[in-house]
Amino acid sequence: KMKVAVVGATGMVGEVMLQILKERNFPVTELIPVASEKSVGKEIEFNGKTYKVVGLQTAVDMKADIALFSAGGETSLAWAPKFAAAGTTVIDNSSAWRMDETKKLVVPEINADILTKDDKIIPNANCSTIQLVMALAPLHKKYKIKRVIVSTYQSITGTGVKGVQQLENEYAGIKGEMAYKYQIHRNAIPQCDVFEENDYTKEEMKLVRETQKILNDKTIGVTATAVRIPVVGGHSEAVNVEFHNDFDVNEVRTILHNTPGITVQDNLDTFTYPMPFYAEGKDDVFVGRIRRDGSQPNTLNMWIVADNLRKGAATNTVQIAEYLVANNLV
């Protein structure tokens, strides 16, 4: 029996978190929906009961067992420690704590076993990183990764409601608030998040830093280009992986096929390959177009797709919570 707070319950990811808690029958005995002051007092229905949205301090005082955060980095930095001090285990979907050396960055299928009762703030990895490492982790164990080149094609849902609204307005020919510096309809914008001093975007550097942290190997070279495209269903990634050891392509397919949370879609005879159109609303990471790179030794190409609101955010968060409950860590 669990008292669960969802911080950012009225936002796009928060709503998906609530949906996934229901779908996976997470043992919620009391829900504490939390949002900004303008949403306090609104009602949310969950598992046949109605709950009123409360503010952050009220939620801290209610001493939830687990708090699932999806309210942005500033909120997480300010409030996650307050929840933790009250005895609540926080699983945070923002980037605020991911690279903190005292915090463990977890994708449950890969490294949930590093968690202990002492971990009171657990960051959830970035959406594009999660689907990448889901495919890389089993291959790294077998062949040892030397270098990864990843180009992402990211859904507007990664920007939240504003991104979706901009695209819908542009479809309809309506002038409205702009989530991006340029139109997204019939366009591809090679900028996800802000630029850092090295001319890479924050999103691109998340792929570099988080991949090394989750796979626990700073020797892996990672370089990324992140692109926003007018798609709703999920993020796609073209991935080129150089290994230290050679591989057999059929063995790669078998390894991925046998990895929990991955679905291999790779049959060229039937034109079967991953697409966000099929990934939307699903929790698996889909991998296809698996083929050897003939331009240099020990190098593989693949195409990875996942619903960024689910496995890339809400599902991974709930899976961490499930692991904590199953192992009596809360």
Side-chain angles (χ1 to χ4, degrees), residues 2-22 26 28-98 100 103 120-124 126-127 155-169 174 176-180 193-194 202-203 308-310 312-318 320-321 330:
M2 302 294 294
K3 187 189 288 190
V4 178
V6 177
V7 180
T10 59
M12 187 172 280
V13 174
E15 288 177 354
V16 179
M17 280 180 180
L18 292 170
Q19 183 181 331
I20 289 168
L21 287 167
K22 282 184 200 174
F26 192 83
V28 180
T29 48
E30 182 183 348
L31 178 72
I32 305 172
V34 190
S36 62
E37 289 302 318
K38 65 181 180 182
S39 296
V40 169
K42 286 184 179 178
E43 293 187 340
I44 285 180
E45 191 177 317
F46 181 82
N47 280 349
K49 294 181 183 177
T50 301
Y51 297 91
K52 282 195 174 180
V53 173
V54 301
L56 284 154
Q57 186 58 56
T58 302
V60 170
D61 296 340
M62 292 173 77
K63 296 186 183 297
D65 298 294
I66 291 176
L68 310 180
F69 267 57
S70 186
E74 287 184 15
T75 300
S76 295
L77 283 172
W79 286 92
K82 295 179 183 179
F83 278 82
T88 301
T89 299
V90 174
I91 307 169
D92 176 41
N93 203 53
S94 81
S95 62
W97 302 97
R98 290 175 190 156
D100 185 321
K103 306 293 183 287
K120 302 306 288 183
I121 299 176
I122 304 166
N124 195 38
N126 187 42
C127 47
S155 164
I156 54 166
T157 56
T159 314
V161 174
K162 284 184 180 179
V164 175
Q165 192 61 58
Q166 179 180 331
L167 180 60
E168 288 178 353
N169 286 343
I174 298 168
E177 187 178 358
M178 299 281 284
Y180 309 110
D193 214 321
V194 297
K202 191 175 176 184
E203 183 79 8
N308 55 292
L309 296 181
R310 291 183 69 98
T315 302
N316 201 72
T317 304
V318 173
I320 293 171
V330 287

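Predicted model only: the values in this text are computed from it and were never measured. Computed over heavy atoms, backbone and side chain alike; hydrogens, waters and symmetry mates excluded.
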> Do E177 and K162 pass the side-chain contact (heavy atoms from CB on, under 4.5 Å) test, and can you show the C-alpha distance, the side-chain angles, and the key distance before you say yes or no?
CA-CA 8 Å; E177 187 178 358; K162 284 184 180 179; 3.3 Å; yes
> Taking N124 for its side chain and A313 for its backbone only, find out whether a donor-acceptor pair lies under 3.5 Å.
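Checking the backbone N and O of A313 against the side chain of N124, a donor-acceptor pair under 3.5 Å is found.
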> Could you tell me the separation between the NZ atom of K103 and the CD1 atom of I121, rounded to the nearest 0.5 Å?
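It comes to 5.0 Å.
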> I'd like to know whether NZ of K52 has more than 12 heavy-atom contacts from other residues, nucleotides or ligands below 6.0 angstrom.
no
> Please report the C-alpha distance between D65 and T89 in whole Å, then the side-chain angles of each, then the deciding distance to 0.1 Å, and finally whether the side-chain contact (heavy atoms from CB on, under 4.5 Å) criterion is met.
CA-CA 6 Å; D65 298 294; T89 299; over 6 Å; no
> Take W97 and S76, measure what side-chain contact (heavy atoms from CB on, under 4.5 Å) needs, and give me the verdict at the end.
CA-CA 8 Å; W97 302 97; S76 295; 4.0 Å; yes
> Whether the side chain of R310 engages the backbone of M17 through a donor-acceptor N/O pair (distance < 3.5 Å, no angle test) should be reported.
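No: the side chain of R310 does not pair with the backbone of M17.
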> Looking at every heavy atom in both V40 and A35, which two are closest together, and how far apart are they?
CG2-O, 4.3 Å
> Using side-chain heavy atoms (C-beta onward) and a distance below 4.5 Å, is I66 in contact with F26?
yes
> How close do A96 and L77 get, heavy atom to heavy atom, and via which atoms?
CB-CG, 3.7 Å
> Supply the atom-to-atom distance F46 CZ to I32 CD1, rounded to the nearest 0.5 angstrom.
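The CD1 atom of I32 is 12.0 Å from CZ of F46, to the nearest 0.5 Å.
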> Taking all non-hydrogen atoms of both residues into account, name the closest pair between A67 and T88 and its distance.
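Scanning both residues, the minimum pair turns out to be N-CG2, 3.5 Å.
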> Measure the spacing between CH2 of W79 and CD of E74 and express it to the nearest 0.5 Å.
14.0 Å
> For L18 and Y51: C-alpha separation, side-chain torsions, deciding distance, then whether side-chain contact (heavy atoms from CB on, under 4.5 Å) applies.
CA-CA 12 Å; L18 292 170; Y51 297 91; over 6 Å; no
> Taking all non-hydrogen atoms of both residues, which atom of V164 and which atom of I156 are closest, and how far apart?
CA-CD1, 3.6 Å
> Please check if the side chain of T75 supplies one atom and the backbone of A71 the other of a donor-acceptor pair under 3.5 Å.
yes
> Please round to the nearest 0.5 Å and tell me the distance separating atom CG of N93 and atom CD1 of I122.
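Interatomic distance, N93 CG to I122 CD1, rounded to 0.5 Å: 13.0 Å.
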> Atom CD in E203, atom SG in C127: separation rounded to 0.5 Å?
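SG of C127 is found 5.5 Å from CD of E203.
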> What are the two closest non-hydrogen atoms of G158 and N308, and how far apart are they?
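Heavy atoms of G158 and N308 come nearest at N-ND2, 3.4 Å.
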> Supply the atom-to-atom distance M12 CE to L309 CG, rounded to the nearest 0.5 angstrom.
6.5 Å
> From the options L31, V28, V330, L21, select the one residue that forms a side chain to side chain contact (heavy atoms under 4.5 Å, CB included) with M2.
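When side chain to side chain contact (heavy atoms under 4.5 Å, CB included) is applied between M2 and each of L31, V28, V330, L21, only V330 qualifies.
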> I need the single residue from V90, L68, L56 that forms a side chain to side chain contact (heavy atoms under 4.5 Å, CB included) with V7. Which is it?
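Of all the options given, the one that passes is L56.
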> How close do A64 and K3 get, counting heavy atoms only, and between which atoms?
CB-O, 3.5 Å
